[in-house]
Peer 1: 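Pasting a structure here, questions to come.
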Amino acid sequence: MLDIRLIRDTPDLVKERLATRSGDYASVVDEVLSIDTARRVAETERQKLQGDRNRISKEIGIAKKNGQDTSAIEAEVRGINERIEQIGRDADSADTRQRELLLGLPNLPHEACPVGHSAEENPEVRVWGKKPTFEFEPKDHTVLGQQLGMLDFEAGAKITGSAFVVYRGQGARLERTLINFLLDLHTTVHGYHEISPPLLVKPECLVGTGQLPKFGDQVYHSPEDNLYLIPTAEVPVTNLHRDEILKLDQLPINYAAYTPCFRREAGSAGLGTRGLIRMHQFDKVELVKITTPETSMAELESLTANAEKVLQLLGLHYRVIELCTGDIGFGSTKTYDIEVWAPGQGTYLEVSSCSTFGDYQARRMNLRYKDENGKNKVPHTLNGSGTALARLFVALVETYQQSDGSILIPEALRGHFGAEKIA
RNA sequence: GGUGAGAUGGCUGAGUGGUCGAAAGCAUAUCUUUGCUAAAGAUACGUAGCCUUACCGCUACCGAGGGUUCGAAUCCCUCUCUCACCGCCA
């Protein structure tokens with residue numbers, strides 16, 4: 001959520017920055033401004049009337065004690081109360097409307113975020129490793145997975161539906177190995193605090209991180225309980241501190257969490273994805289940080305480096321791109337995507353998206369911290385995948401496939417996995 | 001699911017209709033004093049909004065939402081959560 005004071009004081013700047021995104025928000029900003037003015041007029045009037053009522057009511061108390069007749073002033077207060085109710089309705093509806101509008105406004109792209117219209121204009125930041133070469137035609141992970149009995153898409157469709165998969169045997173073992181490997185790396189080497197959160201959350205949590213109210217159709221919902229299946233661990237983990245005032249010495253907070261993620265992917269059916277690449281349910285290890293505003297940009301770099309380390313240790317070729325203003329997510333102010341090379345696909349696959357949200361999420365979830373002067377300030381939140389599992393599985397299997405159809409297990413995983421290859 | 005108890009400021013904990021945003025203690029910060037570690041005293045110390053250059057001031061908030069009343073932390077209703085016991089269960 002944008003700071004209303006920022007919009008009030010510098011509306012043109014806000015519009016200008018929002019204009020670099022896809023989507024037109026200028027009229028929303030204008031509506032926020034006019035609502036804000038109306039709201040404050042009504043609010044001031046209401047508070048004045050409430051003050052009158054409080055004062056007179058006290059007088060009544062005193063007069064009654066002295067045995068005086070108070071029926072006349074009681075009637076006066078009744079009149080004030082009617083006006084409070086009227087003006088209060090205006091103030092409340094303006095307040096509600098203003099909040100609705102603010103929740104529908106995306107974050108301002110950071111000055112450091114490259115300006116551009118679409119994904120084609122995302123600059124490449126760096127490349128690690130080289131595309132592996134094969135003396136045979138590399139196979140797709142769906143072929144390899146089914147040959148080796150690791151992936152059963154028919155079973156997934158049978159018990160749940162399309163875009164669900166059953167991992168079996170060595171496939172299930174590899175998935176479990178990767179989860180342990182990632183969590184161990186981030187908690188032990190990178191120093192993150194491990195979290196294992198609930199997978200169902202209240203709507204407030206999704207408002208806090210930005211999925212609601214605008215993107216409710218992408219999330220699974222249980223109406224009887226009014227609970228949502230998490231689309232990413234970002235939601236429960238960041239909301240751990242919703243409505244809290246953190247102490248300065250608690251920052252930065254670094255959390256790592258493994259969870260399954262559930263996404264309806266409404267509107268993206270038949271986008272030409274094969275196999276594991278776009279599923280309704282997938283596993284992910286997520287990294288979340290809460291930092292002071294001063295350090296968030298540096299923390300974004302280290303967060304991205306922590307995610308990259310995964311691919312380096314697994315020996316997987318990847319590139320890092322920076323999202324331009326036309327392509328960054330709704331709540332993000334700056335984002336790096338990490339894309340791993342998948343030989344069987346002949347493309348790069350996004351396995352991590354590392355973003356800083358500035359104070360945007362913290363405002364939405366009413367998260368604050370006390371600075372060194374004891375003043376409440378709004379911290380910054382960041383998160384990035386470290387990494388998504390299904391696509392990592394794809395890249396791993398396709399990169400390490402052998403001519404005989406077996407899969408070599410990279411050195412870093414052998415201890416966890418307990419074998420050198422899958423055959 | 002059932003029964004009972006509870007929900008007040010960072011914590012403990014008073015407060016059952018009027019000057020209560022809320023006693024007291026603890027914790028914290030600053031200052032003063034006593035020649036160290038320590039102790040005593042003074043002051044400050046919730047969140048948000050409105051109005052303000054600022055100070056001041058005003059308003060709201062005692063789990064949440066409604067209601068009664070001139071006036072509610074206090075009375076009534078609904079809900080949520082916590083704890084205990086019972087039932088059920090991985």
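In what follows, every chain begins at residue 1, and chains take the letters A, B, ... in the order their sequences are listed.
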Peer 1: Using Watson-Crick and G-U wobble pairs whose two distances are both under 3.5 Å, how do you write the pairing of RNA chain B as dot-bracket, with | for links to another strand?
Peer 2: ((((((((.[[[..)..(.....]]].((((((.....)))))).(((((......))))).[[[[[..)....]]]]])))))))....
Peer 1: Check residues 253-262 of chain A and write down every donor-acceptor pair under 3.5 Å in which the side-chain atom is one partner and the other belongs to a residue at least two apart or another chain.
Peer 2:
residue: A:N254; atom: OD1; partner: A:K289; partner atom: NZ; Å: 2.9
residue: A:Y255; atom: OH; partner: A:H241; partner atom: NE2; Å: 2.7
residue: A:Y258; atom: OH; partner: A:D283; partner atom: OD1; Å: 3.0

Peer 1: Which residues satisfy the salt bridge (charged side-chain N to carboxylate O under 4.0 Å, His left out) test with A:R78, sequence neighbours excluded?
Peer 2: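 Scan of A:R78 (salt bridge (charged side-chain N to carboxylate O under 4.0 Å, His left out), adjacent residues dropped) gives none.
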Peer 1: From CG of A:D52 over to P of B:C58, roughly how many Å is that when rounded to an integer?
Peer 2: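 Value for this atom pair: 13 Å.
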Peer 1: Starting at the 5' end of nucleotides 60-71 of chain B, put B wherever the base has a protein heavy atom under 4.0 Å, S where only the sugar-phosphate does, and a dash everywhere else.
Peer 2: S---------BS
Peer 1: Residues two or more places apart in sequence or in another chain: which of them pass ring pair (Phe, Tyr, Trp, His ring centres under 6.0 Å) with A:H110?
Peer 2: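 Testing A:H110 for ring pair (Phe, Tyr, Trp, His ring centres under 6.0 Å), a comparison that skips the adjacent residues, returns none.
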Peer 1: Kindly write out the residues that satisfy ring pair (Phe, Tyr, Trp, His ring centres under 6.0 Å) with A:F181, not counting sequence neighbours, or none if the list is empty.
Peer 2: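 For A:F181, no residue satisfies ring pair (Phe, Tyr, Trp, His ring centres under 6.0 Å) once neighbours in sequence are set aside.
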Peer 1: At a heavy-atom distance below 4.0 Å, what parts of residues 1-12 of chain A sit against RNA chain B?
Peer 2: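 Nucleic-acid contacts, sorted: A:R5, A:R8.
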Peer 1: Could you go through residues 305-312 of chain A and list every donor-acceptor pair under 3.5 Å that involves a side-chain atom there, pairing it with any protein atom two or more places apart or in another chain?
Peer 2:
residue: A:N306; atom: OD1; partner: A:Y192; partner atom: OH; Å: 2.6
residue: A:N306; atom: ND2; partner: A:S302; partner atom: O; Å: 3.4
residue: A:E308; atom: OE1; partner: A:R126; partner atom: NE; Å: 3.2
residue: A:E308; atom: OE1; partner: A:Y318; partner atom: OH; Å: 2.6
residue: A:E308; atom: OE2; partner: A:R126; partner atom: NE; Å: 3.3
residue: A:E308; atom: OE2; partner: A:R126; partner atom: NH2; Å: 2.6
residue: A:Q312; atom: NE2; partner: A:Y318; partner atom: OH; Å: 2.8

Peer 1: Any chance you could list the contact pattern along nucleotides 77-82 of chain B? Use B for base contacts, S for sugar-phosphate-only contacts and - for none, protein heavy atoms under 4.0 Å, 5' to 3'.
Peer 2: ------
Peer 1: Which residues pass the ring pair (Phe, Tyr, Trp, His ring centres under 6.0 Å) test with A:H416, sequence neighbours left out?
Peer 2: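 With sequence neighbours excluded, A:H416 shows a ring pair (Phe, Tyr, Trp, His ring centres under 6.0 Å) to no residue whatsoever.
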Peer 1: Output a table of donor-acceptor pairs, distance under 3.5 Å, between side-chain atoms of residues 25-33 of chain A and any protein atom two or more places apart or on a different chain; print 'none' if there are none.
Peer 2:
residue: A:D30; atom: OD1; partner: A:K15; partner atom: NZ; Å: 2.7
residue: A:E31; atom: OE1; partner: A:R97; partner atom: NH2; Å: 3.4
residue: A:E31; atom: OE2; partner: A:R97; partner atom: NE; Å: 3.1
residue: A:E31; atom: OE2; partner: A:R97; partner atom: NH2; Å: 2.9

Peer 1: Using 30° and 60° as the class boundaries, would you call the ring planes of A:H221 and A:Y228 parallel, tilted or perpendicular?
Peer 2: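 Correct class here is parallel.
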Peer 1: Under the ring pair (Phe, Tyr, Trp, His ring centres under 6.0 Å) rule, collect the residues that match up with A:F330, sequence neighbours excluded.
Peer 2: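 Per chain and number, A:F330 pairs via ring pair (Phe, Tyr, Trp, His ring centres under 6.0 Å) with A:F215.
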